[in-house]
Protein chains: 4
Amino acid sequence: MSDFNQKQIEILQVAEQLFAEKGFDGTSIREISKIAKINIAMVSYYFGSKEKLLESLILFRTSDLKLKLENLFDEKVSPLQKIEKFIAFYIEKVNSNKNMYQILNFENSTKKRVLDSAVFTAIKKGNLQTLKNIIKEGQDALVFKKNVNVELITPTILGTYFYFNMNKPFFGEIFNLESENDFNDYVKFHLTKHIQQTVKALLIYEN
Amino acid sequence: MSDFNQKQIEILQVAEQLFAEKGFDGTSIREISKIAKINIAMVSYYFGSKEKLLESLILFRTSDLKLKLENLFDEKVSPLQKIEKFIAFYIEKVNSNKNMYQILNFENSTKKRVLDSAVFTAIKKGNLQTLKNIIKEGQDALVFKKNVNVELITPTILGTYFYFNMNKPFFGEIFNLESENDFNDYVKFHLTKHIQQTVKALLIYEN
Amino acid sequence: MSDFNQKQIEILQVAEQLFAEKGFDGTSIREISKIAKINIAMVSYYFGSKEKLLESLILFRTSDLKLKLENLFDEKVSPLQKIEKFIAFYIEKVNSNKNMYQILNFENSTKKRVLDSAVFTAIKKGNLQTLKNIIKEGQDALVFKKNVNVELITPTILGTYFYFNMNKPFFGEIFNLESENDFNDYVKFHLTKHIQQTVKALLIYEN
Amino acid sequence: MSDFNQKQIEILQVAEQLFAEKGFDGTSIREISKIAKINIAMVSYYFGSKEKLLESLILFRTSDLKLKLENLFDEKVSPLQKIEKFIAFYIEKVNSNKNMYQILNFENSTKKRVLDSAVFTAIKKGNLQTLKNIIKEGQDALVFKKNVNVELITPTILGTYFYFNMNKPFFGEIFNLESENDFNDYVKFHLTKHIQQTVKALLIYEN
DNA sequence: AATGAATGAGTGTTCATTCAT
DNA sequence: CATGAATGAACACTCATTCAT
């Protein structure tokens, strides 16, 4: 799937961690090389530059960001169940790639670097289309109402998750989440359910 | 309200803009001083250090971040209308302070700097309490259902907005928003409505 | 005449010396700052960059490169004497700026950097014109012959000097020149005379 | 004559070109290896080091630098004609090895590297002796005058050429030389003649 | 009260070279 | 015999900060 060797992958993993923790500009190559226990020249040697390291990292993780749901929908399940599965799947995917999403969210907001948005736009559009198909199916089956802004549902799904994640200390205090494990469990069992409830209500309730 | 002089305020405004655009680490004091047309030494002189400049900036803007809704709820309006107002008010506030929120969101995610979270926690808790009061009122009036995770509603409200904002290029393309004005109009008229719909559905619909 | 302060001038002098000795690329900012006993950041601080240091150096010395001969020719002297004076003056000027000429000669040959040749072209053309005027005068007085390629006389004058200078070790051995002083004396008394003889012969002798 | 294999010769040729264009320090092994389409390690492998590559290059070209005039002077020609031939031959040789001379001129001026001057001294002395023989012959035949500094004639011959060459842009403009071909033609037909005229005048004209 | 001058530490990057294979 | 992988040292340059005035 990727043509990075073991050393390169180690560097990418360290970089991912640090970029997520401290931002791209807040992370120095020296720091990466120190933690990854490699020579400082290796980053330039392997990736060309710090910026290209970021690009490589994105490339390395991009395949992980695509939702692979095709087979998920072969089965005979109701649109409602499909929505639930879609959300659970999406949140789980994002949560298990949270470092990468943290990086992308920030670097995307920044006007400094222009990440190759064509790739991401394509992924987003693909995911959006999947969602649209499910909703269309539900609307045709008269289960879902019609006057809903489908494009804004993804912001609600992911935005809820990201906001929760960005304010981890706050919600950690509120919900008494002490470990990374606690956090992940909360996401899996409560946050996901909340988002599912929210979206289902939006799709079903007429107002 | 604040004890910053005119020059300091100018610096803070430039810093806010640049920190939002390029991140804290991606912005140099040189750049700030150049744009603000002040001497480089002035930042350290006025604020002590770059880090303290950020703290001052947060302090300077913090009062803007508090929702001032007290008087809003004196009137006799239904809980549903109150929720709508609350959301509209919240989004409008956040959108008009988006640079500051952009900075806070990122710096908060970062493990590098520990912003004085006591202040923000207090603000967040205050806003949360306001929301809780409204919902309690609606539940008591049997308009809202009971099994809802109130603490996760703010993530839905703000998260939807932030995700939309962070992916401005994507949604700009989808919704054909060409100017900052178009964007603000879309937020005001469509995104706000979507969030209101979503939260109302969640609060009312039983599932 | 120049707007460089004392520290800057010191740096320029050290840079001139080192650039002449080791070439621009062979000289590091570290070395300059060490010898000039200044902080390494000062070069960038004062001049912007290493390349701009070179430009500043050229600017600093450019005025020295112009032949100021005007007053020299007010007097009633023969064209032959004027040629002799011109050559003596030119060689003396070049020899006392030999470091600068060494730098210019090399950097000019190099395709890497394009020194602002407009300035130098102007100087060269000015000097050439001075020479042309003298020769014209001699030709009008029927002292000098006509079929001479005036433009190639400067190459003969300066080229002879530079070749001698570039092969200092060789000629030092041949002529037993042991010190810088010996060298300068040889230039002043013998090389200059040789060049004068050469040019005069060329201008007078018919072949 | 040389024990360099084809690959080594290719490297030497590329190095010669680049050293002439950008100087020794301005040229990186990476660049050489890229253009010569060889592995970076090959330079060190074949030549030991970058510095030794330069030495090898000089060694490789040294034989080209010797004037092979022996057979030229078997014939019954006048000293004047011999001088003319000597100059034409010398200039032609130097011009066709101009890259190498460019390198030597610079690296010789530099105090950084001490090129094995014994070899060059020998060559120069040999060439000088040839010239001396011719001039002696002319003086004995009472064609040339006696009071001439023979050792300074080579500086005049080569210096004129080098100065012309180092200021190619300037003379290109003056003489309207647009291509390398134009330049070479000018050297061959006009510059050479000028130098011949100059030296002949110096040798014949009494002053 | 304000600033120009200056600096040490740190930045990303390139260098020639080495070495295991 | 030849080379891809790797590296320590050095590179030019920028950083936030200090300090004398």
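For clarity, every value in this text was computed on a predicted model and none was experimentally measured. Chain letters run A, B, ... following the sequence lines, proteins first and then strands; every chain starts at 1.
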Between E:dA16 (C1') and D:K52 (NZ): distance, integer Å:
13 Å
Ignoring backbone atoms, establish whether C:Y45 has a side-chain N or O less than 4.0 Å from OP1 or OP2 of E:dG4.
no
Could you pick out which residue, C:G48 or A:A41, lies toward the 5' side of DNA chain F when each is mapped onto its nearest nucleotide?
A:A41
At 4.0 Å (heavy atoms only), tell me whether B:F47 reaches a base, stays on the sugar-phosphate, or touches nothing.
nothing
Please pick, from F:dA6, E:dG8, F:dG8, the nucleotide with the shortest atom-to-atom distance to any side-chain atom of A:M42.
F:dA6
Paired with F:dA20: which nucleotide, if any, by Watson-Crick or G-U wobble criteria at under 3.5 Å for both distances?
E:dT3
Starting at the 5' end of DNA chain F and moving along, which residue's nearest nucleotide shows up first, B:T27 or A:I38?
A:I38
Presence of B:N39 side-chain N/O under 4.0 Å of E:dA2 phosphate oxygens OP1/OP2
no
Derivation of the salt bridge (Lys or Arg N to Asp or Glu O under 4.0 Å) call for D:K37 and D:E10
CA-CA 9 Å; D:K37 282 170 190 156; D:E10 271 175 56; over 6 Å; no
Proximity to the side chain of A:Y46 - top-ranked nucleotide from E:dG12, F:dA2, F:dA6:
F:dA6
Taking the six-membered ring of C:F24 as reference, does the cationic atom of C:K50 (NZ for Lys, CZ for Arg) lie under 6.0 Å from its centre and within 45° of its axis?
yes
May I ask you to verify whether the side chain of C:R30 and the base of F:dA10 hold a donor-acceptor pair under 3.5 Å?
no
Can you identify which nucleotide, out of E:dT3, F:dC13, E:dA6, has its nearest atom closest to the C:S44 side chain?
F:dC13
Should the ring pair B:F60 and B:F4 be called parallel, tilted or perpendicular, given that the plane angle runs from 0 to 90° and is split at 30 and 60?
perpendicular
A:Q17 and A:Q13: side-chain donor and acceptor closer than 3.5 Å?
no
Give a yes/no answer on whether the side chain of D:S28 brings an N or O atom under 4.0 Å of OP1 or OP2 in E:dC15.
yes
Mind checking A:S33 for me? I need base, sugar-phosphate or nothing, with any heavy atom below 4.0 Å counting as a touch.
nothing
